[in-house]
Amino acid sequence: MAMELWNHTFQSSFILRGLLSHSSYDFFLFSLVLLAFAAALTGNILLLLLIQGDRRLHTPMYFFLSQLSIMDLTMVCAVVPKMAANFLSGHKFISWTSCAAQIFLVVMVGGAECFLLAVMAYDRYVAICHPLRYSVLMSWKTCYLLAVASWIGGVADSVIDVGTVFSFPYCGSLEVDHYFCEVPALLRLSCADTSLFEDLIYACCVVMLLLPLGVIVASYARVLTAVIRMPSTEGKQKALTTCSSHLAVVGFYYSGAIFSYMQRASARTPARDRATSIFYTILTPMLNPLIYSLRNREVTRALRKMLGRWRV
């Protein structure tokens, strides 16, 4: 009876090969992953507290930045804790329900972040190129609608992906050559023809990745033109600092996402998939609050103000 129960549990679970083995070198890498996870949690939670606690940060730009922090927290918490638990316990099983939840959260946040980064680029375009109309074009109602639309876009994409991925039969090996449940890694295990769905994923990525990227590039092209024409050196420096921070975030995020989801199955390898996934599941959530806080005077001023309160 116990053997039957074990077999049932095994067959109803996937096996995550993980990012690391148990060599001494991998224990060092695991420590780095935990440090990155702790930094992502601390940085994003602190940024949320600063934005919430300082009235000077109650602006559309920081509202969108708070949404980005929530997305980063969701992403890193959906992936790293399970990976760490499997590494420490030596058990690499993940149930179908947990696997579906991981896919849902990662795809939802991934899609929503693509749209949000485009919204943030548009916000900077309006602020710099149309400052007199900014309060009208970026009213709080508009900001809420844009944020909700970003989340809805991510949810719609994730529902389609989860529903389709788990409609395929998995009658062979259930060993996922990855450190979390990612759609391309699971499709390799299916014993059905998934080529049509892979083509659909590729087409969706054009909409989810390239169209927002086009909005970002167009927005910052106009911003750069406007900044060059600015007579004030201080105004130029402030605009370039804010925009360069955003472009750094876009570069980190899109490089990993495009390499992960916009390659044909024949060009993919598990090792490359794991390496590129690290960018948007671990590194980007860790770096986003650092990039925005270290190069932003308003955030550093709010941080000093908070620290001053704690000392008193």
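Nothing fancy with the numbering, it's 1 onward along the sequence. Treat the numbers as computed from the prediction; the structure is a model and nothing was measured.
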Please walk me through it: do Glu298 and Leu57 pass side chain to side chain contact (heavy atoms under 4.5 Å, CB included)?
-> CA-CA 8 Å; Glu298 292 172 329; Leu57 302 183; 3.9 Å; yes
How about [X] and [Y]: do any of their side-chain heavy atoms sit closer than 4.5 Å?
| X | Y | answer |
| --- | --- | --- |
| Tyr62 | Leu50 | no |
| Ile128 | Tyr220 | no |
| Met71 | Thr74 | no |
| Cys99 | Leu186 | yes |
| Tyr170 | Val165 | yes |

Gap separating the [atom1] atom of [X] from the [atom2] atom of [Y], nearest 0.5 angstrom:
| X | Y | atom1 | atom2 | value |
| --- | --- | --- | --- | --- |
| Leu283 | Asn288 | CG | CG | 10.5 Å |
| Asp157 | Ile152 | CG | CD1 | 13.5 Å |
| Trp96 | Leu174 | CH2 | CG | 6.0 Å |
| Leu68 | Leu47 | CG | CG | 8.5 Å |
| Arg222 | Arg124 | CZ | CZ | 16.0 Å |
| Leu48 | Leu65 | CG | CG | 8.5 Å |

Are [X] and [Y] linked, directly or through other ILVMFWY residues, by side chains that come within less than 4.5 angstrom of each other?
| X | Y | answer |
| --- | --- | --- |
| Ile70 | Val148 | no |
| Met286 | Leu49 | yes |
| Leu196 | Phe168 | no |
| Ile45 | Val80 | yes |
| Phe64 | Val215 | no |

Minimum-distance pair of heavy atoms, taken over all atoms of [X] and [Y]:
| X | Y | answer |
| --- | --- | --- |
| Ala40 | Asn44 | O-ND2, 2.8 Å |
| Trp140 | His58 | CZ2-O, 3.4 Å |
| Tyr280 | Thr284 | CA-OG1, 3.8 Å |
| Met61 | Tyr134 | N-OH, 4.1 Å |

Pair listing, salt bridge (charged side-chain N to carboxylate O under 4.0 Å, His left out) test, anchored in residues 47-75, at least two apart = Asp54-Arg56
Salt bridge (charged side-chain N to carboxylate O under 4.0 Å, His left out) pairs, two or more places apart, involving residues 171-187 |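 Checked against salt bridge (charged side-chain N to carboxylate O under 4.0 Å, His left out) - neighbours excluded - the pairs reaching residues 171-187 are Arg17-Glu175, Arg17-Asp177, Asp177-Arg274.
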Not counting sequence neighbours, which residues clear disulfide (SG to SG under 2.5 Å) with Cys77? List them please.
-> none
Under 3.5 Å: donor-acceptor pair, side chain of Ser95, backbone of Ser98 = yes
Donor-acceptor pair, Thr42 side chain versus Ala39 backbone, under 3.5 Å?
->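 Side chain of Thr42 to backbone of Ala39, a donor-acceptor pair under 3.5 Å: no, none is there.
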Contacts of Thr281 that satisfy side chain to side chain donor-acceptor pair (under 3.5 Å) - sequence neighbours left out |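 For Thr281 the side chain to side chain donor-acceptor pair (under 3.5 Å) partners, ignoring immediate neighbours, are Tyr179.
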Go through the steps for Leu209 and Leu213 under the test side chain to side chain contact (heavy atoms under 4.5 Å, CB included), then give the verdict.
-> CA-CA 6 Å; Leu209 290 172; Leu213 185 59; over 6 Å; no
Are the aromatic rings of Phe87 and Phe27 close, with centres under 6.0 Å apart?
-> yes
Would you sort out whether Phe14 and Lys92 count as a side chain to side chain contact (heavy atoms under 4.5 Å, CB included), showing the intermediate values?
-> CA-CA 8 Å; Phe14 288 104; Lys92 299 185 178 182; over 6 Å; no
Please output the side-chain donor-acceptor pairs of residues 100-122 that fall under 3.5 Å, not counting sequence neighbours, one pair per line with the distance.
residue: Gln102; atom: OE1; partner: Cys181; partner atom: N; Å: 2.8
residue: Gln102; atom: NE2; partner: Ala78; partner atom: O; Å: 3.0

Take the angle between the ring planes of Phe93 and His91 and call it parallel below 30°, perpendicular above 60°, tilted in between.
->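 Parallel.
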What residues, two or more places apart in sequence or in another chain, satisfy side-chain contact (heavy atoms from CB on, under 4.5 Å) together with Thr142?
-> Ser139, Leu146
